[in-house]
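One structure is given below, encoded as structure tokens.
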Amino acid sequence: MDLKNIWNSFLEKIKEQISDIAFDTWFSETKLINLNDNIATILVPYHIHKKNLSENYNDIIEEIFTEITGSNFKFNYVIEEEVENNLTDSNQVIGVPNNNDIYESNIDSRYTFENFIIGPSNKFAATSALAVAEQPGKMYNPLFIYGSSGLGKTHLMHAMGNYIIKNSNKKVLYIPCDKFVSDFVDICRKNSESNNMEAIKQFKNKYRDIDVLIIDDIHNLVGATSAQQEFFNTFNELYNNEKQIIISSDRSPDDIKKLEERLKTRFNWGLQVNILPPDFKLRMEILNKKIENNELSDVVPEEVKEYIASNCVGDVRRLEGSITRVFAYATMMNGSEITLDIAIEALKDDYSKSYISKNKMDQVIQIICEHYNLKEEELLSKKRSNEIAIPRMIAMYICRVYLDENLTKIGIQFGGKNHTTVMHAVDKIKKEILNDESLNSEIQKMINEIR
């Protein structure tokens with residue numbers, strides 16, 4: 001039996017023993033690439049897969065693999081980069097944490113991993129979130145999720161809470177940062193009035209006698225100096241006791257101005273993940289999922305979906321709100337058939353009246369030229385100076401990742417470049433934004449200008 005058949009047999013068996021979401025996240029993109037000296041080398045997408053498979057799934061992997069091959073193997077997980085450089089890492093197995101009583105959590109049961117729609121822009125964030133939910137306090141602590149409003153940060157936080165509650169008895173608390181500040185202000189006022197030690201005790205019990213603290217919009221701590229001090233103390237108490245801390249913000253820790261440096265340092269102790277705006281394909285998937293739950297789901301033309309997906313670039317909430325508005329408008333028009341004209345009329349206050357197709361490369365070129373003070377003929381020329389080449393690659397990246405255009409079409413648009421040139425440009429920018437937060441932010445601002 002060759003490596004591919006062995007691994008396909010393994011995947012079929014393990015899929016029967018774990019949840020669909022766990023299989024899709026941790027195993028669906030793995031490959032067996034070598035068997036040598038009783039070591040099975042498995043190719044995985046990210047470092048997080050290496051850590052989670054070795055720590056959380058090692059026993060079941062070994063059991064099933066032994067059943068298939070008749071031999072005992074140890075497992076070595078590698079990513080593509082390590083294969084290319086002949087690097088390997090060792091893997092150690094740790095235990096599963098103990099469980100405690102279920103706690104009042106403020107978690108919204110509607111938000112789960114199962115109904116979080118995954119695409120290239122949020123896949124790493126979703127994968128990281130599931131890893132933390134499977135081993136709270138053990139994997140990445142704190143987990144810091146950041147990105148613009150309306151991209152799914154809060155959904156992921158509630159999904160983690162729901163998963164932890166369902167699969168353990170850990171005490172989970174979800175709280176918006178504003179509520180934390182409000183609670184702290186209340187105890188300060190009560191204490192100044194009557195030395196109310198009971199209020200202080202209740203506050204500390206609420207935020208420290210838990211296993212998982214999920215705090216949303218941490219940037220709202222800015223300006224609340226005393227509350228920052230209290231959150232610092234709360235963070236230390238939880239962290240030192242290996243309790244999981246999950247934080248969200250509209251920007252990375254280093255970009256939150258007027259936040260104490262010691263808090264920024266602690267936020268950087270764990271893992272930071274950035275949720276990016278969804279590309280065209282993911283926006284269409286989100287729309288289709290939303291439409292499935294409506295009685296008019298069978299009568300929404302593809303051109304209406306494309307019109308909405310093309311106009312709502314940077315905000316999932318706006319995407320969902322737009323289709324809801326179209327449904328409502330059609331119903332008010334005596335059950336009028338949903339057409340492109342109806343959609344344009346319903347959304348005329350939000351969108352341009354003219355139809356905008358998913359191919360908006362001309363607009364991207366215009367935005368890039370304005371941003372970098374270039375002429376269109378310069379951007380589309382064969383000039384290779386950095387002042388022109390970098391903006392050109394960014395434009396190609398946006399057209400590929402966010403407009404979902406094919407490589408050949410992009411190449412034609414940019415002066416007859418071949419598809420390998422476009423692919424190289426896209427891959428280069430993808431790597432750059434992982435290491436350059438300022439470039440990433442700059443690109444997001446330009447993407448948000450697309451209408």
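Along the sequence shown, residues carry numbers from 1. The structure displayed is predicted, hence computed values, not measured ones.
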Side-chain H-bond candidate by donor/acceptor type, [X] with [Y], under 3.5 Å:
X      : Y      : value
Thr127 : Trp26  : no
Ser148 : Arg251 : no
Asn8   : Glu12  : no

Taking side chain to side chain contact (heavy atoms under 4.5 Å, CB included) as the definition, give me every residue that meets it alongside [X], ordered by chain and number, with sequence neighbours left out.
X      : answer
Pro253 : Phe144, Phe267, Asn268, Gln272
Asp37  : none
Arg325 : Leu347, Asp349, Asp350
Asn220 : Cys177, Asp178, Asp217

Are any of the side-chain heavy atoms of [X] and [Y] separated by less than 4.5 Å?
X      : Y      : result
Val181 : Val185 : yes
Ser249 : Ile256 : yes
Lys430 : Val401 : yes
Val300 : Phe327 : yes
Val78  : Asn76  : yes
Tyr163 : Thr112 : no
Lys257 : Val222 : no

Distance in Å, [X] [atom1] paired with [Y] [atom2], rounded so as to fall on 0.5 Å steps:
X      : Y      : atom1 : atom2 : answer
Ile164 : Lys170 : CD1   : NZ    : 8.5 Å
Leu173 : Leu213 : CG    : CG    : 6.0 Å
Ile145 : Asn274 : CD1   : CG    : 10.5 Å
Leu259 : Gln228 : CG    : CD    : 5.0 Å
Ile390 : Ile429 : CD1   : CD1   : 5.5 Å
Ile323 : Arg318 : CD1   : CZ    : 13.5 Å

Given 3.5 Å as the limit, does a donor-acceptor pair link the side chain of [X] with the main chain of [Y], or not?
X      : Y      : value
Lys417 : Phe414 : yes
Thr30  : Phe27  : yes
Arg283 : Pro278 : yes
Gln244 : Val132 : no
Asn106 : Tyr174 : yes
Asn52  : Ile48  : no
His49  : Thr25  : yes
Asn122 : Gly119 : yes
His158 : Tyr111 : no

Test: Asp209 and Lys171 ion pair at under 4.0 Å: yes

Answer yes or no: is there an ion pair linking Lys264 with Glu261, defined by an N-O contact shorter than 4.0 Å?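 Salt bridge: yes.
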
Using every non-hydrogen atom in the two residues, find where Ala395 and Val364 come nearest and quote the distance to one decimal.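 For Ala395 versus Val364, the nearest heavy atoms are O-CG1, 3.9 Å.
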
Which atom of Ala133 lies closest to which atom of Phe113, heavy atoms considered: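 Taking every non-hydrogen atom into account, CB-CE1, 4.0 Å.
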
Determine whether Ile33 and Ile42 satisfy the following criterion, side-chain contact (heavy atoms from CB on, under 4.5 Å), listing intermediate values before the conclusion. CA-CA 6 Å; Ile33 60 174; Ile42 312 300; over 6 Å; no

Looking at residues at least two apart in the chain, or sitting in another chain, which of them share a salt bridge (Lys or Arg N to Asp or Glu O under 4.0 Å) with [X]?
X      : answer
Glu16  : none
Glu230 : Arg208
Lys179 : Asp183
Asp108 : Arg110

N/O donor-acceptor pairs under 3.5 Å from side chains in residues 60-73, not counting sequence neighbours:
unit_1	atom_1	unit_2	atom_2	d
Glu62	OE2	Asn58	ND2	3.1
Thr66	OG1	Glu62	O	2.8
Thr66	OG1	Ser71	O	3.4
Thr66	OG1	Asn72	OD1	3.4
Glu67	OE2	Lys13	NZ	3.4
Thr69	OG1	Phe65	O	2.8
Thr69	OG1	Ser71	N	3.3
Thr69	OG1	Ser71	O	3.2

Checking salt bridge (charged side-chain N to carboxylate O under 4.0 Å, His left out) for the pair Glu302/Lys305: CA distance, chi angles, key distance, verdict? CA-CA 5 Å; Glu302 200 70 14; Lys305 300 175 190 176; 3.7 Å; yes

Evaluate Glu55 against Lys138 for salt bridge (charged side-chain N to carboxylate O under 4.0 Å, His left out), listing each step before the verdict. CA-CA 10 Å; Glu55 293 183 354; Lys138 301 293 184 182; over 6 Å; no

Could you check Asn233 against Gln229 for side chain to side chain donor-acceptor pair (under 3.5 Å), going step by step and ending with a plain yes or no? CA-CA 6 Å; Asn233 295 335; Gln229 172 66 47; 3.2 Å; yes

Please list, chain by chain and in numerical order, all residues satisfying side-chain hydrogen bond (donor to acceptor under 3.5 Å, both in side chains) with Asp427, sequence neighbours excluded.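 With sequence neighbours excluded, Asp427 shows a side-chain hydrogen bond (donor to acceptor under 3.5 Å, both in side chains) to no residue whatsoever.
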
With sequence neighbours excluded, tell me which residues meet side-chain hydrogen bond (donor to acceptor under 3.5 Å, both in side chains) with Asp255. Ser252

Which label fits Tyr207 and Phe203: parallel for a plane angle under 30°, tilted from 30 to 60°, or perpendicular past 60°?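 Plane angle between 30° and 60°, so tilted.
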
Any side chain to side chain donor-acceptor pair (under 3.5 Å) pairs touching residues 437-446, not counting sequence neighbours? Tyr146-Glu437, His371-Glu442, Tyr372-Glu442, Asp436-Ser438, Glu437-Ser441, Asn440-Gln444

is_close_aromatic(Phe231, Phe184), centroid dist under 6.0 Å: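 No, too far apart.
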
Does the side-chain contact (heavy atoms from CB on, under 4.5 Å) test come out yes or no for Arg266 and Phe232, once each step is laid out? CA-CA 9 Å; Arg266 279 156 176 76; Phe232 175 81; 3.1 Å; yes

